[in-house]
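Data block below; observations after.
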Amino acid sequence: MSVNNHLGRPASGRRRLKDLLLQKDNHFCADCNATDPKWASANIGVFICLKCCGVHRSLGTHISKVLSVTLDEWSDDEIDAMIEVGGNSSANSIYEAYIPEGCTKPGPDASHQHRAKFIRSKYEHQEFLKPSLRIVSGKSSIGSSSSKSFLDGFRTTSTSSQNMEGMVEFIGMLKVKVIKGINLAIRDIKSSDPYVVLNLGQQTVQTSIIRSNLNPVWNEEHMLSVPEQYGPLKLKVFDHDTFSADDIMGDADIDLQPLITSATAFGDAGMFGNMQIGKWLKSNDNALIEDSTVNIVDGAVKQVMTIKLQNVESGELDLELEWIPLDQ
C-alpha cells in the first residue's frame, strides 16, 4: 500500500486518517473537549480522548467501535466512514443539535458519572438529535446515503437494549503485545496456522493468522479496557481451519494484579527512572515459565513474560503487558 500521493498513487489509510485528525475541530475530544484525542469511534465518526474511550467501550461495539488512532489497524471502510462524517464538528452538529436546558456537556475533568451519562444520552438514546432524525424500530427518516451510513451504528433491537447491563467503570487500559510463539502444537499434517485470542471481561481481540508455522512471530499490540472488577487476562491459541472448526492449541490465564497493583502504587511512572516495581512469581498454580517482573521502562509500566500453554502437548508464548492509566 502506498504511503503518499506520489505519481498519482492513493494515500495510505494511515495517512488519510492522520490528515483528518489534523482538522482543527478534531484537535479536541468530541464528547468532553479534552485536547489531543488519540482514539476514535469508527462507526460514529468522532475522535475521542482516553477517558471518553472507556465509556464508549462499555456501550458495546454495536453502538461504538473504538479504535486507537496510532495503535490499531484500520480497514479502508472504517477510514472511509470517518472521512464521510467529516470530523467532530460535523458529527456534533447532528448528535448535539438539541441539548436540553439543564443538561451540560462534560469537560476534560468531569467525573466518570457525568461523562458516562452524557455519552450514553448522546449516542445510545440519541436524546440530542433533531426529532426527525431519531431512529425508531431500526428505521431512519433520513434519505441521504451519507446520513444513513452515519447513523447505522446506532441501530439496536429492543431485545439488545433490554438485555444491556449497567455501565462498566474502567480504571485503565492494558496494552498486550503478543510477541511470538515457541514450539506450538501440530494440528495439521506437519504444522499449524496459529492465531491468539485474548479475552478480558466482555472484550475479545485476536491476532492475525500465521500460516504453516510452529514458531510464529506476531509482534502485534492490542488494547483492552480494564474494568474496576477485573479478572485474569485469558488467552487461547487456535489453529485456523478453512473447512472445519478451528482446533485449540492451548490456553492460559494471566494474573493482572501484580502489574496493576504495582502501577497504581507508584502513580505517575514518568516521575521515576527505570526500575523494578513488582513481580509475578512462578508457581504450580500458574502458567509462567519463570518469574515475571514488573518494571518502569522509559516512563511506562511494563511486564514481559513467557507463558507455557496449558491443556496441550507443547507450546509457549512470549508476551509484553503495559499499563496505561486513564489520565495519561
Side-chain angles (χ1 to χ4, degrees), residues 1 13-14 17 39-43 53-54 56-79 81 153 168 170 173-188 191-227 230-256 287 303-312 315-324:
M1 181 181 290
R14 183 69 68 184
L17 189 64
W39 298 84
S41 174
N43 54 339
C53 156
H56 275 254
R57 282 180 179 269
S58 71
L59 296 177
T61 55
H62 63 295
I63 294 178
S64 181
K65 182 178 181 181
V66 177
L67 293 173
S68 167
V69 175
T70 56
L71 298 175
D72 288 326
E73 291 296 324
W74 288 65
S75 70
D76 288 339
D77 286 345
E78 288 165 342
I79 294 172
V168 177
F170 294 106
M173 304 290 292
L174 180 70
K175 183 195 297 183
V176 183
K177 184 176 183 179
V178 182
I179 301 172
K180 65 180 180 179
I182 304 164
N183 192 30
L184 299 184
I186 296 174
R187 287 294 179 267
D188 297 327
S191 188
S192 296
D193 302 326
Y195 64 92
V196 181
V197 175
L198 303 168
N199 176 264
L200 181 62
Q202 301 300 312
Q203 305 160 83
T204 300
V205 294
Q206 175 185 319
T207 68
S208 59
I209 299 167
I210 298 185
R211 304 289 179 180
S212 301
N213 200 324
L214 300 180
N215 295 282
V217 177
W218 283 284
N219 282 324
E220 292 183 12
E221 294 180 341
H222 297 274
M223 298 291 291
L224 293 162
S225 298
V226 181
Y230 62 87
L233 172 67
K234 295 180 178 291
L235 68 83
K236 291 184 178 180
V237 182
F238 291 92
D239 167 52
H240 175 72
D241 287 319
T242 303
F243 301 109
S244 61
D246 294 351
D247 300 315
I248 187 73
M249 297 173 63
D251 58 74
D253 286 356
I254 298 173
D255 185 2
L256 297 179
Q303 183 179 11
V304 176
M305 63 185 67
T306 300
I307 295 294
K308 180 176 177 59
L309 294 172
Q310 306 295 294
N311 305 309
V312 68
E316 301 174 4
L317 281 183
D318 283 353
L319 306 170
E320 180 186 76
L321 309 184
E322 180 180 343
W323 173 253
I324 303 175

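Keep in mind that what you see is a predicted model, and the values were worked out from it rather than measured. Position 1 is the first residue of the sequence; numbering continues from there.
Here the CD1-CD distance, from Ile179 to Glu220, works out to 12.0 Å after rounding to the nearest 0.5 Å. Interatomic distance, CE of Met249 versus NE2 of His240, reported as 13.0 Å (0.5 Å rounding). To the nearest 0.5 Å, the span separating CZ on Phe238 from CG on Asp193 amounts to 14.0 Å. Taking CG of Leu198 as the reference point, atom OG1 of Thr204 lies at 9.0 Å (rounded to 0.5 Å). For the atom pair CH2 of Trp323 and CD of Gln303, the computed distance is 12.5 Å after rounding to the nearest 0.5 Å.
The shortest heavy-atom contact between Phe170 and Ser58 is CE1-CB, 3.6 Å. Nearest heavy atoms, Ile210 versus Pro216: CD1-CB, 3.6 Å. Nearest heavy-atom pair across Val66 and Asp72 is O-OD2, 4.5 Å. Across Glu316 and Leu184, no two heavy atoms sit closer than the pair O-CD2, 3.7 Å. Leu224 approaches Val176 most closely through the heavy-atom pair CD1-CG2, 4.4 Å.
Counting heavy atoms from C-beta outward, Trp39 and Val69 have side chains that stay 4.5 Å or more apart. You'll find the side chain of Leu174 reaches within 4.5 Å of the side chain of Leu233, heavy atoms only. Contact of the Glu322 side chain with the Met223 side chain is not registered, since no non-hydrogen atoms from C-beta on lie closer than 4.5 Å. You'll find the side chain of Ser68 stays beyond 4.5 Å of the side chain of Glu221, heavy atoms only. Here the side chains of Asp241 and Asp247 are in contact, with some heavy-atom distance below 4.5 Å. Side-chain contact between Val237 and Leu309 is present, with at least one heavy-atom pair separated by less than 4.5 Å. Contact annotation: the side chain of Met305 approaches that of Ile307 to within less than 4.5 Å [non-hydrogen atoms, C-beta and beyond]. Between Val197 and Leu235 there is no side-chain heavy-atom pair separated by less than 4.5 Å.
The main-chain N or O of Val205 is never found under 3.5 Å from a side-chain atom of Asn199 such that the two would form a donor-acceptor pair. Under a 3.5 Å cut-off, the side chain of Gln203 and the backbone N or O of Ser225 do form a donor-acceptor pair. Within the 3.5 Å criterion, the main-chain N or O of Ala81 finds no donor-acceptor partner in the side chain of Asp77. Trp218 contributes a side-chain N or O that, together with a main-chain N or O of Ser208, makes up a donor-acceptor pair within less than 3.5 Å. One N or O on the side chain of Ser192 and one on the backbone of Arg187 form a donor-acceptor pair closer than 3.5 Å.
When only modelled atom types and interatomic distance are considered, Ser212 and Ser191 share no side-chain donor-acceptor pair under 3.5 Å. No side-chain donor from either of Tyr195 and Asp239 sits under 3.5 Å from a side-chain acceptor of the other.
Other residues, nucleotides and ligands place more than 12 heavy atoms under 6.0 Å from the NZ atom of Lys175. Annotation for Gln310: atom CD counts as buried by contact number, over 12 foreign heavy atoms lying within 6.0 Å.
Legend: salt bridge (charged side-chain N to carboxylate O under 4.0 Å, His left out) pairs involving residues 195-204, not counting sequence neighbours: none detected.
The salt bridge (charged side-chain N to carboxylate O under 4.0 Å, His left out) search around Lys65 returns Glu78, not counting sequence neighbours.
The salt bridge (charged side-chain N to carboxylate O under 4.0 Å, His left out) test with Asp253 singles out one residue from Lys308, Lys234, Lys236, and that residue is Lys234.
Ion pair Glu320/Lys177 not flagged as a salt bridge, since none of the NZ, NE, NH1 or NH2 atoms sits closer than 4.0 Å to an Asp/Glu carboxylate oxygen.
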Verdict with supporting geometry, Val304 and Leu319, side-chain contact (heavy atoms from CB on, under 4.5 Å): CA-CA 6 Å; Val304 176; Leu319 306 170; over 6 Å; no

Full working for side-chain contact (heavy atoms from CB on, under 4.5 Å) between Asn43 and Ile63: CA-CA 8 Å; Asn43 54 339; Ile63 294 178; 5.9 Å; no

